[in-house]
Number of protein chains: 2
Amino acid sequence: MSHSVDQQICDGWPPEAWQDVVVVAAVSGGADSVAMLRALAGLSADSRRNLVVAHFDHGLRERSVEDSQFVAELAQSLQLRCEIGHADTDLHEASAGSMEEAARNARYEFLTKVARRCGARYVTTAHTADDQIETILHRILRGTGIAGLAGIPLTRELAPDTTLVRPLLTCRRRDILRYLQALGQSYIDDETNRDIEFVRNRIRNELLPQLAEQYNSRVDDAILRLGSLATETNSYLDSLADGLIETHVSLREDFVELNCYELSLLPTLMIRTVLMRIWRRMGWPEQDMSYQKWDELAELTLRRSVANLCLPGGVIATRAGASLRLSRD
Amino acid sequence: MSHSVDQQICDGWPPEAWQDVVVVAAVSGGADSVAMLRALAGLSADSRRNLVVAHFDHGLRERSVEDSQFVAELAQSLQLRCEIGHADTDLHEASAGSMEEAARNARYEFLTKVARRCGARYVTTAHTADDQIETILHRILRGTGIAGLAGIPLTRELAPDTTLVRPLLTCRRRDILRYLQALGQSYIDDETNRDIEFVRNRIRNELLPQLAEQYNSRVDDAILRLGSLATETNSYLDSLADGLIETHVSLREDFVELNCYELSLLPTLMIRTVLMRIWRRMGWPEQDMSYQKWDELAELTLRRSVANLCLPGGVIATRAGASLRLSRD
C-alpha cells in the first residue's frame with residue numbers, strides 16, 4: 001500500500017471494520033468519488049460481495065446520461081453491482097438555493113433506499129479535506145458557532161443500522177488526482193459544481209488561493225486544525241450534555257420533559273447543548289432553529305414562569321413550575 | 001446619555017464599578033482612545049480625582065512629540081493628570097515582527113508602572129469591536145484553536161490588584177467616529193498602524209470589505225458572534241479545568257504536581273485545558289507553547305512511563321509513576 005490515499009483510508013476506517021458487511025459507495029463519476037471507489041475496491045478482500053456502487057442522476061446536466069453510463073461502466077469493469085437512481089421531479093424548477101438542497105435531499109433519499117435494499121451497514125460519500133476546508137471557511141463567513149465550526153463529520157447515522165462514512169475526509173484533492181493518475185483512471189470533470197454551488201466554487205478557486213498568497217501559505221491546514229479542535233470540543237460538550245439528559249430529562253416517544261430546577265444551575269452554553277442533543281435524539285428538524293430560537297428556549301428553561309413558545313418544525317415548549325415540556329404537533 | 005458609545009460602556013462596565021477608584025486611561029491620541037477618554041470623563045462623577053491619562057511615546061513616528069503634546073493638551077483641557085512615557089531603547093532596531101511585540105511590551109510595562117504609582121485599580125485601553133473582528137479573522141488565517149478564537153478578552157489581570165479593562169470592546173469604529181464628530185473632538189490620524197501592523201491593516205482595509213461584498217454583508221457580525229460563543233465555551237471549559245485542578249493537582253510556589261491516574265480518564269481536550277490553566281496560574285510563558293508542545297505534554301500525562309520533557313520557557317516535566325511534576329528553572 002504505497003499510496004497516501006489508501007493509507008489515509010486505512011488509518012481512519014480500517015478494512016477490517018467494513019469488508020465483511022455490505023458497503024454502498026456513492027459515485028458521481030467525479031475525481032473524488034471515482035478515487036474512493038477504486039481505493040475501497042482495492043482494499044476490500046472480496047469487493048464483489050462487499051461493495052455496491054450507487055449513482056444518482058439529478059437530471060441537472062445535459063450530459064448526465066453519459067455520466068451515469070460512465071459510472072455503470074466503471075462498476076462493470078470492477079465487477080461490482082451498480083444502482084442508478086433518477087430525480088423524480090424536475091429539480092430545475094426549484095430556485096438556486098433550494099435546488100441545491102432539493103438535489104441533496106433527493107440524493108440521500110436514494111442512497112438510503114439503496115442501502116436498505118442491499119442490507120448495507122455503511123454508505124460512503126467522497127467528501128475530501130478540501131471540501132472540509134471550504135465548508136468551514138464558508139460557515140465562518142456566513143456565521144456559525146463552535147458546533148458548525150467542526151464542519152463535515154466523519155460519520156453520521158443515515159438510518160437505523162446504516163451509517164454514512166466519509167473515508168476520504170482527511171485526503172487532499174491534489175493527492176486524489178495523483179492517485180488517479182498513477183492508476184491511469186479517468187473521471188468526469190464535473191462542471192455541475194460551478195453552476196449549483198457558485199459561492200463554494202468561488203471560495204475554492206478565488207478566496208482560498210488569495211488567502212494562501214497574502215496571509216498564510218498554510219491557511220488550509222490552519223482551518224482544518226481549527227475544525228478538528230472544534231470537533232473535539234463539541235464531542236466533549238455533547239458527552240456532558242448526554243450525561244445531564246440521563247439525569248434531568250425524560251425522553252418519551254412523543255414528548256420530552258426537562259427538570260429545569262437542576263438545569264438552571266448550568267451555564268447557558270450547556271443548556272443550549274442539552275437542548276440541541278434533545279432535538280437530535282428526537283429527530284426534530286434543527287435547520288430552522290436559529291441562535292435566537294435556541295437562546296429563547298434556554299431562557300425559558302432558566303426562568304421560573306408559566307409560558308409557551310412555538311418553535312420551528314412544529315415543536316411547542318410549555319413551561320410550568322420546575323418542568324419544561326417539549327412536544328411536536 | 002443619548003449616545004451609543006456612552007451606553008455601551010455603561011452596559012459592559014457601569015460607572016458605579018469604577019468611579020470611586022483610580023482608573024488609568026491609555027491614550028495614544030487616535031480616535032478610539034480619545035473617544036474612550038472623553039466618554040469615561042463624561043461618565044465619571046469626579047473625573048479629576050478618578051481619571052489619569054497615560055500616553056506612551058514609542059518614538060517610532062516622526063511626529064510622535066506632537067502626538068504627546070496633543071494628548072497632554074487634551075488631558076489639561078479635561079483637567080486630568082497626564083503621565084507621558086518614553087521608550088528606553090530604540091524600537092526601530094528590532095525587526096518588524098519583534099518591533100511590534102517590543103513596542104507592545106514597553107507600552108504595557110509603562111502602563112503597569114503608572115498604575116502602581118497612582119494606586120490604580122483599573123487600566124483601560126481603547127480596543128474596539130473592529131479590533132476584535134480583525135484579531136479573530138487574523139487568528140483564523142494564521143491558525144488558532146477555540147481559545148484563540150475568543151479574541152481579545154474584555155478584562156485581564158495586569159498586576160495583582162490592577163485589572164486591564166477594554167470598555168470599548170463592543171463599540172464599532174463607525175459609532176466612535178460619529179461620537180467624536182458630535183463632540184467636535186479632534187484626534188490624531190494614526191498612520192503608525194500602517195507601518196507597524198501591515199497585515200492587520202490589510203485585513204481591515206482590503207479583506208473584510210471584500211468578504212462583506214462577495215460573501216456576507218454582515219460578515220463582521222458573524223465573526224463577533226463566533227468570538228463570543230468561543231469565549232462562552234472557553235470560560236466553561238476553564239471552570240471545569242479549575243475544578244479538576246482543585247482535586248487532582250497541587251500548585252506549589254515553585255513546582256506543580258499532577259495526579260495522572262485521575263486525569264488520564266479525561267479526554268485530551270480537558271487535559272490540555274488543565275495544563276493551560278496551570279501555566280496561566282503559575283505565570284509561566286504561554287507564547288511559545290505550540291499545539292504540538294501541549295499535545296506532547298498531555299501525552300506524558302496519559303501514558304504511564306518514566307520520561308522527561310523540556311518545554312519552552314525553561315519548564316521541565318518529569319513523569320514518575322502516577323505523578324507528573326512540572327517545575328521551572
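Residue numbering restarts at 1 for every chain, and letters A, B, ... go by the order of the sequence lines.
Within the 4.5 angstrom heavy-atom criterion, only side-chain atoms of A:Leu237, from C-beta onward, approach chain B. In this structure, chain A has heavy atoms under 4.5 Å from both the backbone and the side chain of B:Thr268.
Within the model, atoms CG of A:Leu137 and CD1 of B:Ile140 stand 8.5 Å from one another, a figure rounded to the nearest 0.5 Å. Taken to the nearest 0.5 Å, the CG atom of B:Leu269 stands 4.5 Å off from the OG1 atom of A:Thr233. Taking CG from B:Leu226 and CG from A:Leu149, the interatomic distance works out to 5.5 Å, rounded to the nearest 0.5 Å.
Note: B:Met270 leads B:Arg218, B:His138, B:Glu206, B:Met270 in heavy-atom pairs under 4.5 Å with chain A. Ranked by heavy-atom pairs under 4.5 Å with chain A, the first of B:Leu211, B:Leu207, B:Val219, B:Asp221 is B:Leu207.
Remark: B:Arg142 is not positioned above the aromatic ring of A:Tyr215, lacking an NZ or CZ atom under 6.0 angstrom from the ring centre and at most 45 degrees off the axis.
Under the 4.5 Å side-chain criterion, counting only non-hydrogen atoms from C-beta, B:Glu232 is in contact with A:Arg272.
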Checking side-chain contact (heavy atoms from CB on, under 4.5 Å) for the pair B:Gln214/A:Leu141: CA distance, chi angles, key distance, verdict? CA-CA 10 Å; B:Gln214 298 186 352; A:Leu141 298 178; over 6 Å; no
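Contact detail for A:Gly143 and B:Ala222: the closest heavy-atom pair is CA-CB, 3.5 Å. Scanning both residues, B:Leu229 and A:Thr144, for their nearest heavy atoms gives CD1-O, 4.3 Å.
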